[in-house]
*Asks:* 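Quick one: the structure is below, and I'll ask about it shortly.
As the structure is a prediction and not an experimental result, all values here were calculated from the model. So that the names make sense, note that chain A is the first sequence line, chain B the second, and so on, each numbered from 1. Worth knowing before you read on, the calculation uses all heavy atoms, side chains too, and leaves out hydrogens, waters and symmetry mates.
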There are 2 protein chains.
Amino acid sequence: MTDGAQGEVEVREGRATIVDVARRAGVSKSTVSLVLGGSSLVADSTRERVADAMTKLGYIYHRGAATLRGAKSGVIGMVINDLSNPFYVELAIGIEQACQGGAYIPFLANTAENPVRQQQVIRSMREHGAAGLVLAPAIGTSASELKPLLAGLPVVQVMRRLPGLKASLVAPQNKEGARKATVHLIANGHKRIAFVGGMSSLLVRDERLAGYRIALEEAGIPLDLSLVIETTTNYSGGGGAAPQLLNLPEPATAALCFNDVVAIGLVRGLTEAGVSVGADFAVIGFDDIEEAKHTLPALTSVVVNGRDLGSRAAQLLMRHLASGDFEPEAVLCPTTLAIRKSSGAPKPNPLGGN
Amino acid sequence: MTDGAQGEVEVREGRATIVDVARRAGVSKSTVSLVLGGSSLVADSTRERVADAMTKLGYIYHRGAATLRGAKSGVIGMVINDLSNPFYVELAIGIEQACQGGAYIPFLANTAENPVRQQQVIRSMREHGAAGLVLAPAIGTSASELKPLLAGLPVVQVMRRLPGLKASLVAPQNKEGARKATVHLIANGHKRIAFVGGMSSLLVRDERLAGYRIALEEAGIPLDLSLVIETTTNYSGGGGAAPQLLNLPEPATAALCFNDVVAIGLVRGLTEAGVSVGADFAVIGFDDIEEAKHTLPALTSVVVNGRDLGSRAAQLLMRHLASGDFEPEAVLCPTTLAIRKSSGAPKPNPLGGN
DNA sequence: TAGCAGAATTGGAACGATCCAAATCGGACG
DNA sequence: CGTCCGATTTGGATCGTTCCAATTCTGCTA
């Protein structure tokens, strides 16, 4: 009378195991294991009986036990530096999309630009047997602190590169993108062009800044360091830069921003100061996040396409995993310029001096 | 001569195990296990020797093996319906923050409003031994399809409630929030107030819509269904609604939107149609995402505080985990109204009609 | 110096899966 | 009717950890 097994789904004590399923289906655990593996060896009738027992018992596969015997976990980790930046969200979504239908499920962890948390998170992912990592490193990460943690694991870095780390990289052509944007501003008649946002510790900023400098140089415009402003990489960083740009002895008339979030902040700051962006002042962002198309005025931006970048990174990682060849590879994606209202030409100087 | 062990970090074949560490430190695997568990039983000198061996070998804990013996995985899963909506990103960040320093590390998975993917993702998290789940269900999820997957697992739903699922809930007071917002519009003199965005299948929309209706009713304004517009829940949904609102025989002068993203899209649509939002037309959003403060004009919005919500959800889950008591609990968070420029009063009617 | 208590350490025996070699089954064939 | 063969099925042994009971150490006391 203890075992009136005939009801619907019955969840016994704790988790049902492969052995419980086997008992219920009247086969051995080995057979159940074969069914789980989708083997063609088992007879259809048996397979059915086993599948039945599994749903009846609410069986859940125990991957931990499986990895113990060498099975792969089917998980890849996405370790992302800053999810409050929409661009990195796009990136994460791109990674996920590339994993759709594939053999891997991606788990995401946000490090919030905190290297300590990054360590924790990577460690935890390894402990759970992640097969590989897509890593957008936090600011201030050093390759040496990550090396022991990453030993033997295939890793693809996105956006940011850690010098000294032997791992693949997927990144946009930052320098060329910044150059194109600056050229556009110059072509629109601007001479006092600022570069706003980012911290000097960011390699990516160096690259974008380099493109900016090259464009100025090509146009014969001398670099004025008072036009290069470091800020935090968020809305308020951009907002704070507005007065600085306007209060210069010779004020700026245009700005290339480190990214879109900074640019949007700057647009707001300028507008509040009474400057009409797109008419009196040109602003260009970087990344072209979804939001850029919906601001007022719509934001001109260097198109990086985070989804595409993420997707490529995931594909590269899966290629590494499939081939077992972890030899680093670098993919640099070309950028384009999406020209919208925010980068309009400056008003012709009413005094006539060009 | 085979084993010249004296170098730096040496990574032998595959993953180092507890036994390798034990051998290297000259102790038994049991002792290493004790060290891992932070037991006070082992002598300090031994602990040190073991720790040393671990770093030297690049040892990585194998959680799979541990959970096999009943240890908890230390992971909680965040299953989020739509990361391309900044509000849910805020929510996720709030969950993460609550886990900081705690015993759990959160892993995030985005279901992109796809119930099938949601199943996969939840299954995968269970297979990996997630201790609990924070779940923001995808549109179209039915409780019955999730029930067997969730059996025995503590779950906290956020934002959306699945009728019939026995699980805790953390959500904002949608009805009251929408009511307050609508009252504000009415107080500013509006009579033709629209409700824009969301699909009728969303319970949350029903709640917000209910608040809107109550406010109208209280003010004696008859409900006009041509002012209630369903859209996709993204920027373009809001944009598309603009002409519909303006082309009515008796056009709307204000709109409460289902969420901020829709509202921002609507503002853009209205502006492009030549309407001055904040002067000729009032728009209120819902959620108060970071971006709302930085749009032009700044967006009036019902403050939901996603971080707080996420944080509460995580705390509730951890309380469930700590106590072992999974009895469902509902937390409804009050909302406030952040009044900004977008909801200015309508211009007095030049024709003098009230 | 034997005995003893407490501190520190240590051998299994699990846990739930996989996988290999071996066993069983069911016809078909000579 | 005995064999053989392909198709199925099945016992271990094993993976890396935890945990319990048992053992060894180390001083110290009587």
*Asks:* Under 3.5 Å, is there a donor-acceptor pair between the side chain of B:Thr111 and the main chain of B:Ile80?
*Replies:*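 Yes, the answer is positive, given that a donor and an acceptor are paired below the 3.5 Å cut-off.
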*Asks:* Between side-chain atoms of residues 126-146 of chain A and protein atoms elsewhere (two or more places apart, or another chain), which donor-acceptor pairs fall under 3.5 Å?
*Replies:*
unit_1, atom_1, unit_2, atom_2, d
A:Arg126, NH1, A:Leu149, O, 2.9
A:Arg126, NH1, A:Ala151, O, 2.8
A:Arg126, NH2, A:Ala151, O, 3.3
A:Glu127, OE1, B:Arg63, NE, 2.6
A:Glu127, OE1, B:Arg63, NH2, 3.0
A:His128, ND1, A:Ser124, O, 2.9
A:Thr141, OG1, A:Gln118, NE2, 3.0
A:Thr141, OG1, A:Ala138, N, 3.3
A:Thr141, OG1, A:Ala138, O, 2.5
A:Ser142, OG, A:Ser144, OG, 3.2
A:Ser142, OG, A:Glu145, N, 3.4
A:Glu145, OE2, A:Ser142, N, 2.8

*Asks:* Separation of B:Asp20 atom CG from D:dC15 atom P, in whole Å?
*Replies:*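 For the pair B:Asp20 CG and D:dC15 P, the rounded distance is 11 Å.
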*Asks:* Measure from CZ on A:Arg15 to C1' on C:dG16 and round the result to the nearest Å.
*Replies:*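 After rounding, the reported distance stands at 9 Å.
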*Asks:* Taking atom P of D:dT17 as reference, at what distance in whole Å does atom CZ of B:Arg69 sit?
*Replies:*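 Taking atom P of D:dT17 as the reference, CZ of B:Arg69 is at 13 Å.
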*Asks:* If we ignore hydrogens and angles and just use 3.5 Å, is the side chain of A:Gln97 paired with the main-chain N or O of A:Ser311 as donor and acceptor?
*Replies:*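 Between the backbone of A:Ser311 and the side chain of A:Gln97 there is no qualifying donor-acceptor contact (under 3.5 Å).
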*Asks:* Once you round it to whole Å, what is the distance between P of D:dT9 and CD of A:Glu48?
*Replies:*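 Checked: the CD to P distance equals 13 Å.
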*Asks:* Taking only N and O in the side chain of A:Thr31, is any of them less than 4.0 Å away from OP1 or OP2 of D:dT10?
*Replies:*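 A:Thr31 to D:dT10 OP1/OP2: side-chain N or O found under 4.0 Å.
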*Asks:* Provide, to the nearest angstrom, the distance between the NZ atom belonging to A:Lys29 and the C1' atom belonging to D:dG11.
*Replies:*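 Atom-to-atom, A:Lys29 to D:dG11, this comes out as 6 Å.
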*Asks:* So B:Ser33, base contact, sugar-phosphate only, or nothing? Heavy-atom distance under 4.0 Å.
*Replies:*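 The residue B:Ser33 makes base contact.
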*Asks:* Rounded to whole Å, please give me the gap between CZ in A:Arg63 and P in C:dC15.
*Replies:*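 In whole Å, C:dC15 P and A:Arg63 CZ are 22 Å from each other.
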*Asks:* Determine, step by step, whether A:Leu34 and A:Thr46 satisfy the side-chain contact (heavy atoms from CB on, under 4.5 Å) criterion, reporting the C-alpha distance in whole Å, the side-chain angles of both residues, the deciding distance to 0.1 Å, and the verdict.
*Replies:* CA-CA 11 Å; A:Leu34 287 175; A:Thr46 316; over 6 Å; no
*Asks:* Let's test your reading of the model: under 3.5 Å, does the base of C:dG11 pair with the side chain of B:Ser28 as donor and acceptor?
*Replies:*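 It does not, because no donor-acceptor pair links the side chain of B:Ser28 to the base of C:dG11 below 3.5 Å.
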*Asks:* For A:Val32 and A:Tyr59, what are the C-alpha separation, side-chain angles and deciding distance, and is it a side-chain contact (heavy atoms from CB on, under 4.5 Å)?
*Replies:* CA-CA 11 Å; A:Val32 177; A:Tyr59 170 74; 5.9 Å; no
*Asks:* Do the charged groups of B:Asp20 and B:Arg23 touch, with an N to O distance under 4.0 Å?
*Replies:*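 Yes, this pair counts.
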*Asks:* If you only use heavy atoms from C-beta on, which nucleotide in D:dT10, C:dT9, C:dT18 is closest to the side chain of A:Tyr61?
*Replies:*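 That would be C:dT18.
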*Asks:* Pick the nucleotide of DNA chain C nearest each of B:Leu41 and B:Leu68; which residue has the one closer to the 5' end?
*Replies:*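 So the residue in question is B:Leu41.
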*Asks:* Kindly calculate the angle separating the two end axes of the helix from C:dT1-D:dA30 to C:dG30-D:dC1, each obtained from five base pairs, and round it to 10 degrees.
*Replies:*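 Rounded to the nearest 10 degrees, the bend comes out at 70°.
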*Asks:* Please determine, for the side chain of A:Leu34, which listed nucleotide (C:dA17, C:dA8, D:dT10) has the closest atom?
*Replies:*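 Among the listed nucleotides, the one closest to the side chain of A:Leu34 is D:dT10.
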*Asks:* Compare every heavy atom of A:Ser168 with every heavy atom of A:Glu329, then report the nearest pair and how far apart it is.
*Replies:*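 A:Glu329 and A:Ser168 have their closest heavy atoms at N-OG, 2.9 Å.
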*Asks:* Grab the CG-C1' distance between B:Leu36 and C:dT9 for me, whole Å please.
*Replies:*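 After rounding, the reported distance stands at 15 Å.
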*Asks:* Look at the side-chain N and O atoms of A:Thr46 and state whether any lies under 4.0 Å from the OP1 or OP2 oxygen of D:dT8.
*Replies:*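 No, outside the criterion.
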*Asks:* A:Lys72 has an atom NZ; how far is it from atom C1' of D:dC15, in whole Å?
*Replies:*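 Computing the A:Lys72:NZ to D:dC15:C1' distance gives 13 Å.
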*Asks:* What I want to find out is whether A:Arg47 reaches A:Asp44 closely enough, with some N-O distance under 4.0 Å, to be called a salt bridge.
*Replies:*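 Counted as a salt bridge, because a side-chain N and a carboxylate O are separated by less than 4.0 Å.
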*Asks:* On DNA chain D, compare the nucleotides closest to A:Ser40 and A:Ser30; which residue's is nearer the 5' end?
*Replies:*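 It is A:Ser40 whose nearest nucleotide is closer to the 5' end.
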*Asks:* Report which part of the nucleic acid A:Val32 touches: base, sugar-phosphate, or nothing (heavy-atom distance under 4.0 Å, all strands).
*Replies:*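 Nothing: the residue A:Val32, judged by heavy atoms under 4.0 Å, touches no strand.
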*Asks:* Remember a base hit wins even if backbone is also touched, and classify B:Ala71 as base, sugar-phosphate or nothing at under 4.0 Å, heavy atoms.
*Replies:*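 Touches nothing.
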